[in-house]
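Below is one structure, written out as structure tokens, with a few remarks after it.
Along the sequence shown, the residues carry numbers beginning at 1.
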Amino acid sequence: MKIDLADPYRHVVSTDRYLLLWQEEEVTKQKQMGPGLSIMEFEDTQPVRAGHSYQHRRHYEGMYPVISTGQVVWYESMLELQCLMQLEHAGDLAGISTQPFCLVGPDRFRHYPDFFYRRGFDGAGVVVDVRAADRIDEGTRARYELTAALCREVGWAYEVMHGLTSWAAMDLEWLSAFRHPRFALADPVLERLMPYITNPRPFDDAARLIDFRAPEAGKAALYHLMWTREVVTVSDGPLYEDMLIMAAEVAA
């Protein structure tokens with residue numbers, strides 16, 4: 001039997017219980033949904049499915065290096081890529097996987113959540129579906145509500161991510177280019193910068209304080225600090241070089 005890699009478990013039927021199926025060393029495993037799954041480390045599992053491949057496809061897939069966890073994970077669309085950036089930028093990822101498992105149950109229910117991640121601050125597991133808000137119809141909403149209920153049985157959180165729009169999406173993509181630790185400041189420079197930005201300061205002035213001989217390097221360092229949420233803008237809006245910034249702990 002030829003397996004559809006985009007929907008490999010379409011042949012699996014369960015009429016009286018909800019099952020979770022995942023891959024372990026390229027072998028399919030399954031367990032009944034329930035609290036016993038809460039200890040499973042699905043944040044470090046391989047994808048159970050591949051993307052659809054067809055002519056004139058509008059979605060682009062690829063691999064995203066998650067700097068904070070040291071993982072490289074697959075995304076199936078640009079919206080998924082943006083949501084991966086959002087989760088990493090939030091700063092609470094202990095681990096994450098994409099297309100981690102398939103849920104199967106009565107009434108021909110079958111669903112592949114998009115992400116599973118482990119929160120750093122409390123160790124909780126979180127199941128994520130990604131879909132633009134204007135593409136959620138009644139059938140999708142019902143599937144998500146059932147998925148949320150099944151996650152509660154296990155003890156996982158559940159969320160639906162819609163992505164960002166306009167300038168917020170562009171800002172996130174820009175800052176993500178500076179997420180690597182190579183842009184981080186040495187401690188003596190950071191100790192000089194942070195007292196200076198306890199009050200709102202022009203971005204360019206702060207960059208010159210970091211390195212007056214190479215202000216572009218100073219800007220890259222500030223963008224890194226904005227990615228790590230140590231520095232924030234004073235007002236919402238698109239990033240620009242005349243914007244005012246300040247230390248996040250003071251702004252809070």
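Atom CD of residue Glu145 and atom OG1 of residue Thr140 lie 11.0 Å apart, to the nearest 0.5 angstrom. From Leu37, atom CG reaches atom NZ of Lys31 across 7.0 Å, with rounding to the nearest 0.5 Å. Atom OG1 in Thr198 sits 7.0 Å away from atom CZ in Arg201 (nearest 0.5 Å). Distance check: Cys83 SG to Tyr64 OH gives 11.5 Å after rounding to the nearest 0.5 Å. Between atom CG of residue Leu87 and atom CE of residue Met161 there is a gap of 4.0 Å, rounded to the nearest 0.5 Å. Annotation: the span from Asp204 atom CG to Met243 atom CE amounts to 8.5 Å, rounded to 0.5 Å.
Between the side chain of Tyr112 and the main chain of Tyr9, a donor-acceptor pair closer than 3.5 Å is present. Under the 3.5 Å distance criterion, the side-chain polar atoms of Thr228 are matched with a main-chain donor or acceptor of His224. A side-chain donor-acceptor contact under 3.5 Å links Ser77 to the backbone of Glu80. Side-chain N or O atoms of Arg131 include one that pairs as donor or acceptor with a backbone N or O of Arg135 at under 3.5 Å. Side-chain N or O atoms of Asp171 include one that pairs as donor or acceptor with a backbone N or O of Leu239 at under 3.5 Å. With hydrogens and angles ignored, the 3.5 Å screen pairs a side-chain donor or acceptor of His11 with a backbone N or O of Pro8. Judged by distance alone, with hydrogens and angles left aside, the side-chain atoms of His162 form no donor-acceptor pair with the main-chain N or O of Ala132 at under 3.5 Å. A donor-acceptor distance shorter than 3.5 angstrom exists from the side chain of Glu88 to the backbone of Ile67, with no hydrogens or angles considered. For Gln30 (side chain) and Leu19 (main-chain N/O), no donor-acceptor pair under 3.5 Å exists by modelled atom type. One N or O on the side chain of Arg192 and one on the backbone of Leu209 form a donor-acceptor pair closer than 3.5 Å.
Phe183 and Trp227 have their aromatic ring centers separated by at least 6.0 angstrom.
Residues Gln32 and Ser14 form no side-chain contact, since every pair of their non-hydrogen atoms from C-beta on lies 4.5 Å or further apart. Taking 4.5 Å as the limit, every side-chain heavy atom of Glu173 sits out of range of all side-chain heavy atoms of Gln82. A 4.5 Å side-chain heavy-atom check between Tyr144 and Ile136 finds at least one atom pair inside the cut-off. The closest side-chain heavy-atom distance from Val126 to Arg119 is below 4.5 Å. The closest side-chain heavy-atom distance from Leu222 to Leu193 is below 4.5 Å.
For Glu153 and Tyr18, the side-chain atoms include no donor-acceptor pair closer than 3.5 Å. For the residue pair Thr28 / Gln23, a side-chain donor-acceptor distance below 3.5 Å is found, with atom types taken as modelled. Thr69 and Tyr117 share no side-chain donor-acceptor pair at under 3.5 Å.
Shown here for Ser38 and Trp156, the closest heavy-atom pair between the two residues is CA-NE1, 3.9 Å. Between Gly34 and Val154 the shortest heavy-atom distance is O-CG2, 3.5 Å. For the pair Trp174 and Phe178, the tightest heavy-atom approach, listed with the atom from each and the gap, is O-CD1, 3.3 Å. Annotation for Gly163 and Leu79: closest pair CA-CD1, 3.7 Å, computed over non-hydrogen atoms. The shortest heavy-atom contact between Glu41 and Arg118 is CA-NH2, 4.2 Å. Of all heavy-atom pairs between Ala206 and Ile197, the closest is CB-CG2, 4.3 Å.
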Exercise. Could you walk me through whether Leu175 and Met85 pass the side-chain contact (heavy atoms from CB on, under 4.5 Å) check?
Worked result: CA-CA 10 Å; Leu175 292 179; Met85 291 178 183; over 6 Å; no
For this session: Test side-chain contact (heavy atoms from CB on, under 4.5 Å) on Tyr196 and Asp205 and set out the steps.
Result: CA-CA 10 Å; Tyr196 176 72; Asp205 289 356; 3.5 Å; yes
For this session: Kindly indicate, with the supporting measurements, whether the criterion side-chain contact (heavy atoms from CB on, under 4.5 Å) is fulfilled by Ile245 and Leu225.
Result: CA-CA 11 Å; Ile245 61 171; Leu225 290 169; over 6 Å; no
Problem set entry | Trace of the side-chain contact (heavy atoms from CB on, under 4.5 Å) decision for Met226 with Thr233 | CA-CA 8 Å; Met226 293 170 74; Thr233 57; 3.6 Å; yes
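With sequence neighbours excluded, the residues forming a ring-ring contact (aromatic ring centres under 6.0 Å, His included) with Phe203 are Tyr223, listed by chain and number.
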Show me the donor-acceptor pairs within less than 3.5 Å that the side chains of residues 91-109 make with the rest of the protein, sequence neighbours left out.
from, atom 1, to, atom 2, distance (Å)
Asp92, OD1, Gly120, N, 3.0
Asp92, OD1, Phe121, N, 2.9
Ser97, OG, Phe42, O, 2.5
Thr98, OG1, Trp74, O, 2.7
Gln99, OE1, Arg49, NH1, 3.1
Gln99, NE2, Asp114, OD1, 3.1

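Remark: Asp137 CG is packed, more than 12 non-hydrogen atoms of other residues, nucleotides or ligands lying under 6.0 Å away.
Cluster annotation: Trp167 is not connected to Leu172 through the hydrophobic network of ILVMFWY side chains, with a link wherever side-chain heavy atoms come within less than 4.5 Å. Under the 4.5 Å side-chain heavy-atom criterion for ILVMFWY residues, no single connected hydrophobic cluster contains both Leu164 and Met170. Cluster membership check: Tyr240 shares its hydrophobic cluster with Val231, using side-chain heavy-atom separations under 4.5 Å among Ile, Leu, Val, Met, Phe, Trp and Tyr. Cluster membership check: Trp22 does not share its hydrophobic cluster with Val13, using side-chain heavy-atom separations under 4.5 Å among Ile, Leu, Val, Met, Phe, Trp and Tyr.
With respect to the salt-bridge test (charged N to carboxylate O, under 4.0 angstrom), the residues Glu216 and Lys219 qualify. A salt bridge is absent between Arg143 and Asp129: the closest approach of a Lys/Arg side-chain nitrogen to an acidic carboxylate oxygen does not fall below 4.0 angstrom.
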